[in-house]
Amino acid sequence: MSQQPVLLPYADPAFVADPFPFYRELRQEGPVRRAVVIGGMEAWLVTRYEDGLAALSHPQLSSDVRDASDPRFAERLPTTDRESVLRNMLRCDPPDHTRLRRLVSRAFTAHRVAQLRPRVQEIADRLLDEIVPTGRADLIESYALPLPVTVISELLGVPVTDRHDFQRWTDDMVLRGNEPPDPARVDGAWRRMRSYLTGLLDAKRARPGDDLLSALVVARDERQGLDEDELIAMAFLLLVAGYITTVNLIGSGIAALLAHPDQLRMLRDDPALLPGAIEEFLRYDGPVNPGIARFAREDVTLAGVDIPRGATVLIASAIADRDPEQFPDPDRLDIARRDNAHLAFGHGIHYCLGAPLARLEGQIAVGTVLRRLPRLALAVPPGELRWRPGGLRGPEHLPVTFTAGAPA
């Protein structure tokens, strides 16, 4: 295997639109590859399913960014209050991870999420009520984005009217392509986000409600294990992670169906296939691309490849989830696929806490579109869709046409 890092070509529109042929070549060349990835950082890509599964539970692969030796990884974070940004459960290991996850896990159990179904359905129908008479829409801007934003805002107790602000700040902090982040822009976005969250949490402290952020404020003030930085970092993580990947799941899923009319017809004819279809969307073109970062606490060996201490390891779920050793005919969209144990939500103790909510929102969002928008079709040629060029993959816009005024 060559020791020269391969560049993931985010500047190439063809790669951004369809990275999977390139990924297939990487996987065929070797199970672990050095690469220059998002933001110009260097990482070791784990490209095969079984190796990725093992790496996600490897005891010497940490989730804590402070274990990374590559300064370019830290550059993606604000220089102001950098430590406080990291005080969330996504970027820490046990015992802190165990403590923080326990504080919020009850809000995301399958049972609690199932209780949200009527409200999520109500939001989906209300958004489509505004779209249906027009006969055309951008399903990202009008539907896939506001649906999960509204759901997570209500769950956390965040005014949905503030969504444009926190979406803009989030966008300024998300890496795009190979270019290193602009420190001034990242710092400015984080300062505004932190100020907003501080004010919001102070308001919850003064007048608590029946929402998750109010419960976390109580936990903080009753000394149940949260300090102030952890409280702010948790609020930031839940707010941002609670919607951004679900937008991409919904958008990419609908785009995949429109590109595969046979699968679209199959799903319309048999809505019972919808839960399996969501899993296939996650496997086929998941919202995190190329994958999940870990950091080597010590020198480690993965799939026979020696990786030095401090290296960034990227478990490339987008590549591993098309591994033919695990998924027969992996480049084919198959909404009836069985044994679809993809890595899009991770694995092990860091398995995505919000997976039940994302699945519910995806099922309702896609199912309601298929039910209420007859003759759904792209309004532009497929090659004109623009895709996000960074670590969060999904269509930036999804212009569609459909039969206007169709009954619900």
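Count residues from 1 along the sequence.
With hydrogens and angles disregarded, a donor-acceptor distance shorter than 3.5 Å links the side chain of S252 to the backbone of N248. A donor-acceptor pair is defined here as one N or O able to donate and one able to accept, closer than 3.5 Å; such a pair exists between the side chain of K204 and the backbone of G157. Proximity of a side-chain donor or acceptor of R33 to a complementary backbone N or O of P5 within less than 3.5 Å is not detected. Under the 3.5 Å distance criterion, the side-chain polar atoms of Y243 are left unmatched by any main-chain donor or acceptor of S153. Under the 3.5 Å distance criterion, the side-chain polar atoms of T403 are left unmatched by any main-chain donor or acceptor of L373. Although no hydrogens or angles enter the test, the distance criterion places no donor-acceptor pair under 3.5 Å between the side chain of R294 and the main chain of T312. Between the T246 side chain and the P148 main chain, no donor and acceptor come within less than 3.5 Å of each other. Without hydrogens or angle criteria, H397 side chain to P399 main chain gives no donor-acceptor distance under 3.5 Å.
A cation-pi arrangement is found for R283 relative to F327, the charged atom lying closer than 6.0 Å to the ring centre and inside a 45° cone about the ring normal. Both tests hold for R393 against W387: distance to the six-membered ring centre under 6.0 Å, angle to the ring axis within 45°. Geometrically, R322 does not engage Y23 in a cation-pi contact, judged by NZ or CZ lying under 6.0 Å from the ring centre and within 45° of the ring axis.
Side chains of D211 and S214: a donor-acceptor N/O pair is present below 3.5 angstrom, by distance only. Using a 3.5 Å distance cut-off with no hydrogens or angles, the side chains of Y49 and D321 do not pair a donor with an acceptor. For the 3.5 Å distance criterion, the side chains of S62 and D93 qualify, holding a donor opposite an acceptor. In the model, Q121 has a side-chain atom that pairs as donor or acceptor with a side-chain atom of T368 under 3.5 Å.
Judged as a side chain to side chain donor-acceptor pair (under 3.5 Å), not a single pair has a partner in residues 257-266 (not counting sequence neighbours). Residue pairs meeting the ring pair (Phe, Tyr, Trp, His ring centres under 6.0 Å) criterion with at least one partner in residues 91-116, sequence neighbours excluded, are H97-H350.
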Please evaluate residues D165 and Y196 with respect to the criterion side-chain hydrogen bond (donor to acceptor under 3.5 Å, both in side chains), reporting the C-alpha separation (whole Å), side-chain torsions for both, the decisive distance (0.1 Å), and the verdict.
CA-CA 9 Å; D165 288 331; Y196 171 78; over 6 Å; no
Step by step, would you call V366 with L257 a side-chain contact (heavy atoms from CB on, under 4.5 Å)?
CA-CA 10 Å; V366 175; L257 288 175; 4.0 Å; yes
Tell me, with the steps shown, if D125 and R371 meet salt bridge (Lys or Arg N to Asp or Glu O under 4.0 Å).
CA-CA 11 Å; D125 282 322; R371 177 169 54 85; 3.6 Å; yes
Does the pair E230 and R99 meet the rule for a salt bridge (Lys or Arg N to Asp or Glu O under 4.0 Å), with working shown?
CA-CA 11 Å; E230 287 174 334; R99 172 176 55 85; 2.7 Å; yes
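Checked for salt-bridge contact, D129 and R372 meet the test: a charged N lies under 4.0 Å from a carboxylate O. Salt bridge E325/R48: absent, no basic N to carboxylate O contact under 4.0 Å. Look at D64 and R297 and you find no salt bridge, because none of the NZ, NE, NH1 or NH2 atoms lies under 4.0 Å from a carboxylate O. In summary, E279 and R337 do not engage in a salt bridge, as defined by a charged side-chain N under 4.0 Å from a carboxylate O.
Of all non-hydrogen atoms in L61 and A55, the two that sit nearest each other are CD1-O, 3.4 Å. What you find for V32 and L302 is that their closest heavy atoms are CG2-O, 3.6 Å. Closest approach of L213 and A235 over heavy atoms only: CD2-CB, 3.8 Å. Among all heavy-atom pairs drawn from L45 and P290, the shortest one is CD2-CG, 4.4 Å. Of all the heavy atoms in I131 and Y143, the pair that sits closest is CD1-CB, 4.2 Å. The two atoms that bring R205 and E228 nearest to each other are NH2-OE1, 3.8 Å, heavy atoms only.
Residues passing the ring pair (Phe, Tyr, Trp, His ring centres under 6.0 Å) test with F281: none are found, sequence neighbours excluded.
The distance from the CE atom of M266 to the CG atom of L333 is 9.0 Å, given to the nearest 0.5 Å. The distance from atom CD1 of I278 to atom CD1 of I335, rounded to the nearest 0.5 Å, is 10.0 Å. Taking CD1 of I319 as the reference point, atom CZ of F20 lies at 9.5 Å (rounded to 0.5 Å). Atom CG of residue L156 and atom CG of residue L212 lie 5.5 Å apart, to the nearest 0.5 angstrom. The line from CD1 of I254 to CG of L376 is 7.0 Å long, rounded to the nearest 0.5 Å. Note that CG of L100 and SG of C92 are 5.0 Å apart. Values are rounded to the nearest 0.5 Å.
For R168, the CZ atom sits in a packed shell: over 12 heavy atoms of surrounding residues, nucleotides or ligands are nearer than 6.0 Å. When the shell of 6.0 Å around CZ of R126 is examined, it contains more than 12 heavy atoms from other residues, nucleotides or ligands. Heavy-atom contacts from other residues, nucleotides or ligands closer than 6.0 Å to CG of D269 number more than 12.
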